[in-house]
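Okay, so here's the structure we're looking at.
Computed from a predicted model, the values in this text were never measured in an experiment. Residue numbering restarts at 1 for every chain, and letters A, B, ... go by the order of the sequence lines.
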Protein chains: 2
Amino acid sequence: MHKSVMDITTLSALAEPNRMNIVQLLRDGPLTVGEIADRLGLRQPQASKHLKVLSDSGIVEVRVDANRRIYKLRSEPFQAMDYWVQSFRHIMEDRFDNLDNYLRELQNKEKP
Amino acid sequence: MHKSVMDITTLSALAEPNRMNIVQLLRDGPLTVGEIADRLGLRQPQASKHLKVLSDSGIVEVRVDANRRIYKLRSEPFQAMDYWVQSFRHIMEDRFDNLDNYLRELQNKEKP
DNA sequence: TTTAAATATTCCTTGACACGAATATTCCCA
DNA sequence: TGGGAATATTCGTGTCAAGGAATATTTAAA
């Protein structure tokens, strides 16, 4: 039984502004390196480097088209994130948080 | 109209193994610094430092109980992550990816 | 009031990484 | 075949963050 282990690599790849922007951009469809660099105001080498990080972490995949590389998002990392976040549903619906705290406080008081 | 902007701070806070472990641990309920350090085999100062990062990023909140600090997860970051990941639903349900690719390929071929 | 427990903070060192600049590689086409 | 376009890679540099060790702070209890 695996208890929803989130891959650190995915998160650290996303935890960089330029790469996050690239991912948001690719949400609307695949793009070439040049298009990505243009739209985000990046220099081509930086774009390539960030795309390599995203590719190594499995967030992005590349399709070679002659001269150009077309990058697109892969589904798996997002499915994994979704699955992981869902393991915190009981945290997200904090309707019972006050009750939980109250019960916990009671338990603490009677354990000196 | 905000297009689901994910906070980088949240991601970089989670993109560290020890902090990820802390978060996974707190999923089962609030804990004190000492308990967290014990269960994860961390030294107390490191645990405190990581908890500070988690606290500064809003992932965790603290309740002061005399000598001890009880840390618990906050709901907002996870709700935000959930919302953000959901903006990639069309990526996650890759049922039509093959069709998409096919159509896109066709379009590329006829644009020399 | 002194002592011990729980936690936070500081200082230092080291390693990772992002950027810029330059260069290498691959491919198409005239 | 040579040249230009698109992309990747390398190298050097500066910054930032994590760990270790030591210390400061707060609180309860004797």
Side-chain angles (χ1 to χ4, degrees), chain A residues 7-26 30-72 104-105 108-112, chain B residues 7-26 30-72 104-105 108-112:
Chain A
D7 186 18
I8 291 289
T9 309
T10 302
L11 293 175
S12 58
L14 293 172
E16 202 277 336
N18 292 309
R19 285 195 292 267
M20 172 58 75
N21 288 335
I22 291 178
V23 169
Q24 311 253 43
L25 198 55
L26 292 180
L31 287 177
T32 68
V33 178
E35 286 170 325
I36 294 171
D38 278 354
R39 302 207 198 179
L40 296 182
L42 297 177
R43 303 172 202 276
Q44 175 267 319
Q46 312 304 331
S48 283
K49 284 188 238 181
H50 285 306
L51 284 165
K52 176 167 177 49
V53 176
L54 289 172
S55 179
D56 288 347
S57 72
I59 296 179
V60 138
E61 71 184 19
V62 61
R63 189 163 64 82
V64 176
D65 174 45
N67 228 359
R68 311 175 304 180
R69 314 289 163 100
I70 303 180
Y71 284 89
K72 67 174 280 198
R104 226 175 284 280
E105 246 159 1
N108 278 339
K109 286 233 185 295
E110 59 185 343
K111 188 182 59 177
Chain B
D7 185 20
I8 293 288
T9 309
T10 302
L11 293 175
S12 59
L14 292 173
E16 202 278 338
N18 292 308
R19 287 196 290 269
M20 172 57 76
N21 289 335
I22 291 178
V23 168
Q24 311 253 43
L25 199 54
L26 291 181
L31 287 177
T32 68
V33 178
E35 285 169 326
I36 294 171
D38 277 355
R39 301 206 198 179
L40 297 181
L42 298 177
R43 304 172 202 276
Q44 176 267 318
Q46 314 302 332
S48 283
K49 284 189 237 183
H50 285 306
L51 284 165
K52 176 167 177 48
V53 176
L54 289 172
S55 178
D56 288 347
S57 74
I59 296 178
V60 137
E61 72 184 18
V62 61
R63 188 163 65 81
V64 177
D65 174 45
N67 228 358
R68 312 175 304 180
R69 315 287 164 100
I70 302 180
Y71 284 89
K72 66 174 279 198
R104 226 175 285 280
E105 245 158 2
N108 279 339
K109 286 233 186 293
E110 58 188 342
K111 187 181 59 176

Rounded distance (Å) that lies between atom P of C:dT7 and atom CG of B:L31: 11 Å
Pairwise side-chain contact, A:T32 with A:D65, heavy-atom cut-off 4.5 Å (strictly under): no
Atom-to-atom span, NZ of A:K52 to P of C:dC19 - whole angstrom: 16 Å
Side chain to side chain, B:M20 and A:L11, heavy atoms closer than 4.5 Å: yes
Residues touching DNA chain C, which here means a heavy atom under 4.0 Å, drawn from residues 11-21 of chain A: A:E16, A:N18, A:R19
Contact check, side chains of A:L54 and A:V23, non-hydrogen atoms, under 4.5 Å: yes
Atom-pair distance (CD on B:E35; P on C:dA6), nearest Å: 10 Å
Side chain proximity check, B:T10 to B:L14, heavy atoms < 4.5 angstrom: yes
A:A13 versus A:V53, closest heavy-atom pair with distance: CB-CG1, 4.2 Å
Minimal non-hydrogen separation, A:S48 against A:V33, with atom names: OG-CG1, 3.7 Å
Rounded distance (nearest 0.5 Å) linking atom CG of A:D7 with atom OG of A:S12: 8.0 Å
Test item: B:L51 and B:R69 side chains (from C-beta on) under 4.5 Å apart, heavy atoms: no
Between C:dA5 (P) and B:D65 (CG): distance, integer Å: 18 Å
Validation row: B:K49, B:K52 side chains within 4.5 angstrom (heavy atoms): no
Residues touching DNA chain C, which here means a heavy atom under 4.0 Å, drawn from residues 37-49 of chain A: A:R43, A:P45, A:Q46, A:K49
Bounds of contact between DNA chain D and chain B, in 5' to 3' order, using a heavy-atom cut-off under 4.0 Å: D:dA18 to D:dA28
Minimum heavy-atom distance A:V60-A:Y71, with the two atoms named: CG1-CD2, 3.1 Å
Whole-Å distance separating the CZ atom of A:R69 from the P atom of C:dT26: 9 Å
5' precedence on DNA chain D between A:N67 and A:L51 (nearest-nucleotide basis): A:N67
Contact check, side chains of A:T9 and A:D56, non-hydrogen atoms, under 4.5 Å: no
Whole-Å distance separating the CG atom of A:D56 from the P atom of C:dA16: 16 Å
